[in-house]
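Following: one structure in structure tokens, then a few remarks.
Position 1 is the first residue of the sequence, and the numbers go up from there.
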Amino acid sequence: MGIKQSLYNGMRTLLIITLAVLSLSSCSSTNWVVIDEKAMDINDFKLVSSQFFLESSNRISPNQPLVHFDLKAVNTYEYAQRVRIERYIQRYRPRLSYVLLGVAGAGLSTYAAFSDQLLSQPSDPQRYALIGAGTVLTGLSLLNMKPIGEANKTGETRLLRKTGSIQQADTISARPFTTDKPAIKISYKGKVLAAHNDWKFSKGQITINIADEVDAGVFKENTKEKLLVEAQYDTLKQTREVAVEDVFEQFVVVNAQITALRNEPVNSRKNVLTDLAQGSQLKLVSKEGDWYKVLYGISETWVSASDVKPIWRPSEFASDLSIIAIPNIPFGSVDVERNIPVLGKNTLNSSAFIVSNSQYGGELSERIYGQRDAKLMEEYFIQAFGIRSSNIVKTSNVNSDKLLERAYSRLANSMSGSRQNLSVYINGYAEVKDSKVYLIGTELKDGNPQYIDLNKLFRGLSKLKVKSIIVFADLDILNEQRSEKPLKELASIVTDKNKKAAVFFASRAEQRSRIYSSARGDQKRHSIFSYYLADAIKQRKVKLNDIRNHLERNVPFISRSLYDRPQNPLFYGNPELELLN
């Protein structure tokens with residue numbers, strides 16, 4: 001009974017120990033796996049060939065107008081290929097079913113060794129053999145293990161036998177390989193703008209500042225062509241195309257005598273911020289129709305496209321812009337606008353007709369101070385001539401013959417039944433076509449300017465029943481004509497029919513009527529002709545011959561002084577006639 005009890009206790013203890021060992025025991029093993037049979041051995045190589053070239057790929061902008069040509073080399077290497085193996089670690093745990101079977105077998109062997117119920121009792125050697133067999137079965141069951149999870153990489157690799165070779169190319173920055181100096185050439189439309197045969201490397205790089213090498217003045221307004229930049233070193237050559245707008249920025253230069261700077265692209269004196277004198281420079285933002293958007297300080301403003309010329313310049317040009325601003329001042333601030341003398345009494349016997357075109361559309365620029373000139377003459381008609389304001393018929397910015405005919409009809413109706421003195425003032429752009437003088441309308445029709453026949457207007461004036469008629473025509477003739485015949489024939493329409501008639505023209509047909517404005521001097525804010533016409537009247541010159549002499553003495557001199565261009569007023573008619581008749 002003691003042996004049997006000991007046997008049971010031993011079996012139970014063995015089972016407990018086995019289960020404990022089963023739950024706690026595990027092991028791991030390592031093995032090497034072939035992962036690549038053509039792995040490149042970076043330590044076993046040789047240089048096969050080396051080829052140099054020039055490369056240019058940097059970004060270019062007006063702030064950085066630099067073109068880089070980098071000297072580079074393509075090196076070709078031959079690398080050995082080998083078998084690459086990698087080490088893995090795998091964890092294992094005994095299989096429960098096999099362990100239980102092993103324990104059961106060990107239990108049976110042990111039972112047989114110590115059982116007294118068998119037919120014959122085992123001898124001691126047999127008993128030892130049975131116990132040994134049970135132990136072996138238990139051990140074998142523990143050795144039959146299963147893997148736990150995935151094998152883990154150790155990161156350890158080895159290269160074994162050589163299996164072949166492979167070639168690879170590598171591009172690297174290079175240094176000059178001869179003492180030769182590089183050469184550069186910059187051309188535009190086939191014309192060479194800059195060329196140097198002794199340029200320098202800077203650490204294997206050729207750097208060219210295009211803005212320093214090229215005169216931006218050779219480029220036109222909206223050129224789409226590109227510069228061609230070439231670099232050559234030894235037998236190497238590389239070419240790069242560079243857009244002009246990637247190197248230079250656009251600015252505008254005022255080429256009109258004066259242009260208005262506006263806060264919106266509309267011809268109106270109400271939106272004028274200031275007037276700019278000829279030569280003023282502004283940064284160009286964009287072009288929109290007949291207007292350029294420009295920067296005045298940090299504000300976006302507008303100027304008429306016909307008054308400025310776009311230019312290309314380096315970006316640093318913006319820091320040294322020349323802006324000649326002429327501040328707006330109210331009417332009455334200029335000397336001829338105040339202290340107007342009273343030369344005649346207020347009378348119903350005199351009338352005046354004022355035609356003023358200044359706010360032009362299309363490519364024509366605003367006729368600066370055209371409205372101010374008209375107001376100046378209106379004040380002189382009222383204060384100096386004594387013409388009642390109700391007897392003055394005015395029309396401005398006329399764009400067709402029909403509109404001018406309506407204004408003329410108002411004048412003719414206001415004068416019906418009486419013989420009066422008539423004063424006429426006309427200003428605006430004009431052209432001579434087919435030997436006739438036309439006032440240019442302020443609006444376009446189908447994209448083209450409209451022409452107003454002044455011969456027709458003068459014929460209408462000549463038919464009015466008036467005692468005297470004096471016409472002051474401040475016409476700025478755009479298509480300069482060498483012959484004075486068109487102006488003379490226009491004046492003769494009224495002077496031939498009335499001995500008390502006279503016509504003043506601001507200039508000859510081949511000359512322009514200019515503005516009395518100096519960039520850094522006098523700013524009279526009127527045309528030269530209208531200013532000196534008012535100045536003569538202010539000096540109480542009432543005889544037309546005296547007024548003619550005053551104009552002929554001053555207008556050409558000021559035009560030459562300010563613009564180095566001639567402007568000679570013309571007079572036709574009776575020089576002995578007086579303003580107040």
Side-chain angles (χ1 to χ4, degrees), residues 45-78 167-253 279 281-284 309-322:
F45 68 91
K46 64 179 180 180
L47 179 64
V48 177
S49 64
S50 184
Q51 185 175 0
F52 294 91
F53 67 97
L54 290 172
E55 181 183 71
S56 180
S57 59
N58 67 297
R59 183 178 180 275
I60 305 171
S61 68
N63 291 325
Q64 290 289 327
L66 306 176
V67 174
H68 298 311
F69 289 94
D70 297 298
L71 181 61
K72 294 191 174 183
V74 178
N75 293 333
T76 302
Y77 297 92
E78 183 175 277
Q167 289 188 353
Q168 284 197 351
D170 185 20
T171 302
I172 62 172
S173 296
R175 293 299 178 97
F177 50 86
T178 71
T179 58
D180 295 343
K181 291 185 177 180
I184 67 161
K185 183 170 67 175
I186 305 173
S187 55
Y188 172 67
K189 288 186 174 181
K191 180 180 179 181
V192 177
L193 303 181
H196 300 279
N197 294 321
D198 56 350
W199 210 252
K200 294 182 180 180
F201 273 109
S202 176
K203 297 180 179 180
Q205 186 179 79
I206 303 170
T207 301
I208 307 166
N209 189 326
I210 303 179
D212 288 345
E213 298 297 323
V214 174
D215 178 12
V218 303
F219 306 114
K220 296 182 180 180
E221 176 183 351
N222 293 316
T223 179
K224 293 298 182 183
E225 287 83 4
K226 297 182 179 182
L227 291 164
L228 199 64
V229 185
E230 300 177 57
Q232 185 170 354
Y233 171 65
D234 194 57
T235 59
L236 309 178
K237 187 176 181 180
Q238 183 60 270
T239 302
R240 181 165 182 186
E241 287 187 339
V242 180
V244 174
E245 62 185 1
D246 288 340
V247 179
F248 301 104
E249 292 186 284
Q250 275 198 303
F251 299 82
V252 295
V253 178
Q281 303 159 345
L282 299 150
K283 175 73 173 67
L284 176 61
K309 176 185 178 182
I311 59 173
W312 293 95
R313 289 295 183 270
S315 59
E316 59 264 23
F317 186 73
S319 62
D320 194 28
L321 292 176
S322 174

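- For the side-chain hydrogen bond (donor to acceptor under 3.5 Å, both in side chains) test, no residue two or more places apart in sequence or in another chain qualifies with Asp198.
- Residues satisfying the salt bridge (charged side-chain N to carboxylate O under 4.0 Å, His left out) test with Lys237, not counting sequence neighbours, are Glu230.
- Among all heavy-atom pairs drawn from Pro65 and Pro62, the shortest one is CD-O, 3.5 Å.
- Summarising the geometry, atom CD1 belonging to Ile60 is positioned 5.0 Å from atom CD1 belonging to Ile210; distances are rounded to the nearest 0.5 Å.
- Sorted by first then second residue, the salt bridge (Lys or Arg N to Asp or Glu O under 4.0 Å) pairs that include residues 46-59, not counting sequence neighbours, are Lys46-Glu78, Glu55-Lys72.
- Legend: residues meeting side-chain contact (heavy atoms from CB on, under 4.5 Å) with Lys226, ordered by chain and number and at least two apart, are Glu241, Ala243.
- Residue Pro176 comes nearest to Phe201 through the heavy atom pair CG-CD1, 3.5 Å, listed as atom of the first residue, atom of the second, then distance.
- Summarising the geometry of Gln205 relative to Thr207, their closest heavy-atom pair is OE1-OG1, 3.3 Å, with the distance given to 0.1 Å.
- Summarising the local packing, CD of Gln51 is surrounded by 12 or fewer heavy atoms from other residues, nucleotides or ligands at distances under 6.0 Å.
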Subject >> Worked verdict on Lys283 versus Glu249 for salt bridge (Lys or Arg N to Asp or Glu O under 4.0 Å) >> reply: CA-CA 8 Å; Lys283 175 73 173 67; Glu249 292 186 284; 3.8 Å; yes
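- Rounding to the nearest 0.5 Å places CD1 of Ile186 at 10.0 Å from CG of Leu228.
- Using a 4.5 Å heavy-atom cutoff, the side chains of Asp70 and Leu54 are not in contact.
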Subject >> Derivation of the side-chain contact (heavy atoms from CB on, under 4.5 Å) call for Val214 and Phe219 >> reply: CA-CA 10 Å; Val214 174; Phe219 306 114; 3.8 Å; yes
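- In plain terms, the two heavy atoms of Val74 and Phe53 that are nearest each other are CG2-CE2, 3.4 Å.
- We find the CG-CG distance between Asp215 and Leu193 to be 8.5 Å, quoted to the nearest 0.5 Å.
- For Ala211 against Val247, the heavy-atom pair with the smallest separation is N-CG1, 3.9 Å.
- A distance-only check finds no donor-acceptor pair linking the side chain of Asp234 to the backbone of Leu236 [under 3.5 Å].
- The environment of Asp170 atom CG is dense: over 12 non-hydrogen atoms of other residues, nucleotides or ligands sit within 6.0 angstrom.
- In this structure, CG on Asn75 lies 8.5 Å from OG1 on Thr171, to the nearest 0.5 angstrom.
- Here Glu213 pairs with His196 under the side-chain hydrogen bond (donor to acceptor under 3.5 Å, both in side chains) rule; sequence neighbours left out.
- Residues satisfying the ring pair (Phe, Tyr, Trp, His ring centres under 6.0 Å) criterion with Phe317, sequence neighbours excluded, are Phe251.
- Contact annotation: the side chain of Ile206 approaches that of Ile184 to within less than 4.5 Å [non-hydrogen atoms, C-beta and beyond].
- Atom CG of Leu282 is separated from atom CG of Leu321 by 7.0 Å, given to the nearest 0.5 angstrom.
- In this structure, Trp199 and Ile208 have side chains that are in contact, with non-hydrogen atoms separated by less than 4.5 Å.
- Applying the side-chain hydrogen bond (donor to acceptor under 3.5 Å, both in side chains) definition to pairs two or more places apart or across chains, those involving residues 172-187 are Thr178-Tyr233.
- Every residue two or more places apart in sequence or in another chain that forms a side-chain hydrogen bond (donor to acceptor under 3.5 Å, both in side chains) with Arg240 is listed here: Ser56, Asn58.
- Residues meeting the salt bridge (charged side-chain N to carboxylate O under 4.0 Å, His left out) test with Lys189, sequence neighbours left out: Glu225.
- Here the straight-line distance linking atom CD of Gln232 with atom CD of Gln238 works out to 11.5 Å at 0.5 Å rounding.
- For residues 59-78, every residue pair satisfying the ring-ring contact (aromatic ring centres under 6.0 Å, His included) rule, not counting sequence neighbours, is listed here: Phe45-Tyr77.
- When the side-chain contact (heavy atoms from CB on, under 4.5 Å) test is applied to Asn63, the partners found at least two apart in sequence or on another chain are Ser61, Ser315.
- Shown here are the side-chain hydrogen bond (donor to acceptor under 3.5 Å, both in side chains) partners of Asp246, two or more places apart in sequence or in another chain: there are none.
- Minimum heavy-atom separation, Lys220 to Trp312: O-NE1, 2.6 Å.
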